[in-house]
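Every heavy atom of this structure was used, including side-chain atoms; hydrogens, water molecules and symmetry mates were not. In this chain, residues are counted from 1 in sequence order.
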Amino acid sequence: MDQIIVRGNGPLNGEIPIAGAKNACLTLMPATLLTDAPLTLTNAPRLSDIATMTQLLQSLGSEVASLQGGKVLALSSAQISNHTADYDIVRKMRASILVLGPMLARDGHAVVSLPGGCAIGARPVDLHLKALEAMGAELDLRDGYVHAKAPGGRLKGAVINFPFVSVGATENALLAATLAKGTTVINNAAREPEIVDLAQCLRRMGAQIEGEGTSTITIQGVQALGGATHPVVADRIELGTYMLAPAICGGEVECLGGRIDLVGAFCEKLDAAGVSVTETARGLKVSRKNGRVKAVDVVTEPFPGFPTDLQAQMMALLCTADGTSVLEEKIFENRFMHAPELLRMGAKIEVHGGHATVTGVEKLRGAPVMATDLRASVSLILAGLAAEGETVVSRVYHLDRGYEHVEEKLRACGAQIERVKGA
Ligand code: EPZ
């Protein structure tokens, strides 16, 4: 397995292009199943998760062409020739569950493997299933698969009340509702920019949707959807991750394509920590206002709150802050696995349940560390950029799921970072 070697090398200066959002692309791609017309996604990120979703859609009979080095995805599903999403693909990526709603909506039946848990938590899909049942789907869970049918071959509009916010369940319900008979109202809907991006794409395809970005989304089902060309929204998690590079190392980095509206709550915390963020014509310019950053407390919440997907990266910054910070992880039950690895680098962190108390140190020390999940892996790289000496991050396949060419992007700003091909 590949490893990434990072050596602390002082301030970073330069510019980093921000790619299209992984978590938007993973919900936009299944929209091809809703129509026999072509769907073209531009500004697509080149990531292993996108390759996995491509493989899954192709297994269902979709054509997916990766053009311009993967930045453009041309999808078309003249028909769904196979309605079963196999476990061997689904287990690799939980977002695979997002083919369930569209297949049910298009053809009235689908068989999708339950995704199983992952490192950061059990991550059930009960809300996805309850939403589809509310729309008339009959679900039979057996041998690890969801066998779903829509009586009469078509879902019907419904009022869906989510007991708590779920990004994926909102996406599955939204995708399914576009072709349902009648009106669907999703209450307590997720408000993430990726949901807004999905709604804008579906509207381009002819869907009738109102309210995306608020807690209530209303969809009038239509008989059929057409094709569209849609640019994938910028990746706010990649953006936040790279904004932390000059914050932890010093220097000044411009994140090209970054939008301040995508990272509002995150920027409030950066400002409180003493990191300056300036909007430019090309994106966001980030630098430290003066020396060491200050400790700040963080609580992860659904958008527009502080994103859970930036918690690990923020912890890396706070490990070097002047003072003590408390991070509360309220979205996932096990999302502090980066903490033991940061401790190996000399960080001072105490984890109790969903709270991590971080007492900042002047300097971290490089060490061999292990990536455990996508966002934890990049937090170790950020820590390594600011540490004395060498940090070797192993199991970087986690990283490749969500960050394209991370070493090239950081090296362009002066980082000493290289990938060592594993056996
Ligand atoms: C999406 O996951 C993202 N993934 C995650 O990003 C992100 O952390 C998460 O939203 C929260 O923002 C993609 O978009 C592909 P949820 P999702 O449903 O949809 C529980 C990354 O690093 N829940 O909002 O799975 C769930 O266990 C990934 O890019 C249920 O109990 O997240 C969690 O505790 C990691 N039942 C909470 O809700 C359900 O049916 C929020 O999950 C669904 C979710």
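- A donor-acceptor distance shorter than 3.5 angstrom exists from the side chain of T52 to the backbone of S48, with no hydrogens or angles considered.
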Working for side chain to side chain contact (heavy atoms under 4.5 Å, CB included), residues H355 and L327: CA-CA 6 Å; H355 289 81; L327 294 98; over 6 Å; no

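- A salt bridge links K289 to D271: at least one charged side-chain nitrogen sits closer than 4.0 Å to a carboxylate oxygen.
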All N/O donor-acceptor pairs, side-chain side in residues 244-257, below 3.5 Å, sequence neighbours left out:
residue, atom, partner, partner atom, Å
E254, OE1, R282, NH2, 3.4
E254, OE2, T280, OG1, 2.5

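- At least one side-chain heavy atom of M29 sits less than 4.5 Å from a side-chain heavy atom of L75.
- Within the model, atoms CG of L318 and CE of M314 stand 4.5 Å from one another, a figure rounded to the nearest 0.5 Å.
- Within the structure, every pair that satisfies the salt bridge (Lys or Arg N to Asp or Glu O under 4.0 Å) test and touches residues 331-342, not counting sequence neighbours, is listed here: D309-R335.
- Between E194 and T27 the shortest heavy-atom distance is O-CG2, 4.3 Å.
- Counting heavy atoms of neighbouring residues, nucleotides and ligands inside a 6.0 Å radius, atom CD of E210 does not exceed 12 of them.
- For E63, the CD atom counts as loosely surrounded, since its 6.0 Å shell holds 12 or fewer non-hydrogen atoms of other residues, nucleotides or ligands.
- Using a 4.0 Å cut-off between charged side-chain N and carboxylate O, R259 and E279 make no salt bridge.
- Here the straight-line distance linking atom CG of L198 with atom CD of E192 works out to 12.5 Å at 0.5 Å rounding.
- Side chain of E328 to main chain of T300: no donor-acceptor pair is present (N/O by atom type, distance under 3.5 Å, no hydrogens or angles).
- Annotation: side chain of L380 is not in contact with side chain of V378 (no heavy-atom distance under 4.5 Å).
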T218 vs T184, side chain to side chain contact (heavy atoms under 4.5 Å, CB included): CA-CA, chis, key distance, verdict: CA-CA 6 Å; T218 304; T184 297; over 6 Å; no

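- A donor-acceptor pair is defined here as one N or O able to donate and one able to accept, closer than 3.5 Å; such a pair exists between the side chain of N172 and the backbone of G101.
- Using modelled atom types, no side-chain atom of R411 and backbone atom of Q416 make a donor-acceptor pair closer than 3.5 Å.
- In this structure, S59 and N82 approach most closely via the heavy-atom pair O-ND2, 2.9 Å.
- If you check the side chains of K421 and Q3, you find no donor sitting under 3.5 Å from an acceptor.
- A salt bridge between K22 and E404 is absent, with no side-chain N of the basic residue lying under 4.0 Å from a carboxylate O of the acidic one.
- For the pair D2 (side chain) and R419 (backbone), a donor-acceptor distance under 3.5 Å is absent.
- Residues Q311 and H338 have side chains that bring a donor and an acceptor to within less than 3.5 angstrom of each other.
- A side-chain N or O of T308 and one of E329 form a donor-acceptor pair less than 3.5 Å apart.
- Rounding to the nearest 0.5 Å places CG of L60 at 10.0 Å from CD of Q58.
- For Y145 against Y87, the heavy-atom pair with the smallest separation is OH-N, 2.9 Å.
- No side-chain N or O of T32 forms a donor-acceptor pair with one of S62 less than 3.5 Å apart.
- Using a 4.5 Å heavy-atom cutoff, the side chains of P304 and R191 are in contact.
- At distances below 3.5 Å, at least one donor-acceptor pair connects side-chain atoms of R154 with backbone N or O atoms of L179.
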Criterion side chain to side chain contact (heavy atoms under 4.5 Å, CB included) on V396 and S394, from CA distance to verdict: CA-CA 5 Å; V396 291; S394 53; over 6 Å; no

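- In this structure, I18 CD1 and L239 CG are separated by 5.0 Å, a value rounded to the nearest 0.5 Å.
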side-chain hydrogen bond (donor to acceptor under 3.5 Å, both in side chains) between T183 and Q220, intermediate numbers included: CA-CA 5 Å; T183 304; Q220 306 291 347; 2.6 Å; yes

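- At least one side-chain heavy atom of Q208 sits under 4.5 Å from a side-chain heavy atom of V222.
- I331 is listed as a side-chain neighbour of P302, based on a closest heavy-atom distance under 4.5 Å.
- Around atom NZ of K181, no more than 12 heavy atoms belonging to other residues, nucleotides or ligands sit under 6.0 Å away.
- In this structure, S166 and A190 approach most closely via the heavy-atom pair O-CB, 3.9 Å.
- Inter-residue side-chain proximity for I4 and I381 is flagged as met; some heavy-atom pair is nearer than 4.5 Å.
- In terms of heavy-atom proximity, G414 sits nearest to L12 at C-CD2, 3.8 Å.
- Looking at D107, its side chain never comes within 3.5 Å of a backbone N or O of H109 through a donor-acceptor pair.
- G305 and A265 make their closest contact through C-CB, 3.6 Å (heavy atoms, listed as atom of the first residue, atom of the second, distance).
- A donor-acceptor contact closer than 3.5 angstrom links the side chains of D197 and H230.
- For the pair V64 and S66, the minimum side-chain heavy-atom distance is 4.5 Å or more.
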From CA spacing to verdict: side chain to side chain contact (heavy atoms under 4.5 Å, CB included), M103, L100: CA-CA 5 Å; M103 277 206 281; L100 176 57; 5.9 Å; no

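- For R395, the CZ atom is loosely surrounded, since the number of other residues' heavy atoms within 6.0 Å does not exceed 12.
- A 6.0 Å sphere centred on NZ of K149 holds no more than 12 heavy atoms belonging to other residues, nucleotides or ligands.
- R375 places no side-chain N or O within donor-acceptor distance of the main-chain N or O of A312, the cut-off being under 3.5 Å.
- You'll find the side chain of V146 stays beyond 4.5 Å of the side chain of V111, heavy atoms only.
- Rounding to the nearest 0.5 Å places SG of C267 at 4.0 Å from CD1 of I260.
- At least one donor-acceptor pair closer than 3.5 Å links the side chain of N188 to the backbone N or O of F162.
- Taking CG of L132 as the reference point, atom CG of L104 lies at 6.0 Å (rounded to 0.5 Å).
- A donor-acceptor pair under 3.5 Å links the side-chain atoms of K269 to the main chain of D297, judged by distance alone.
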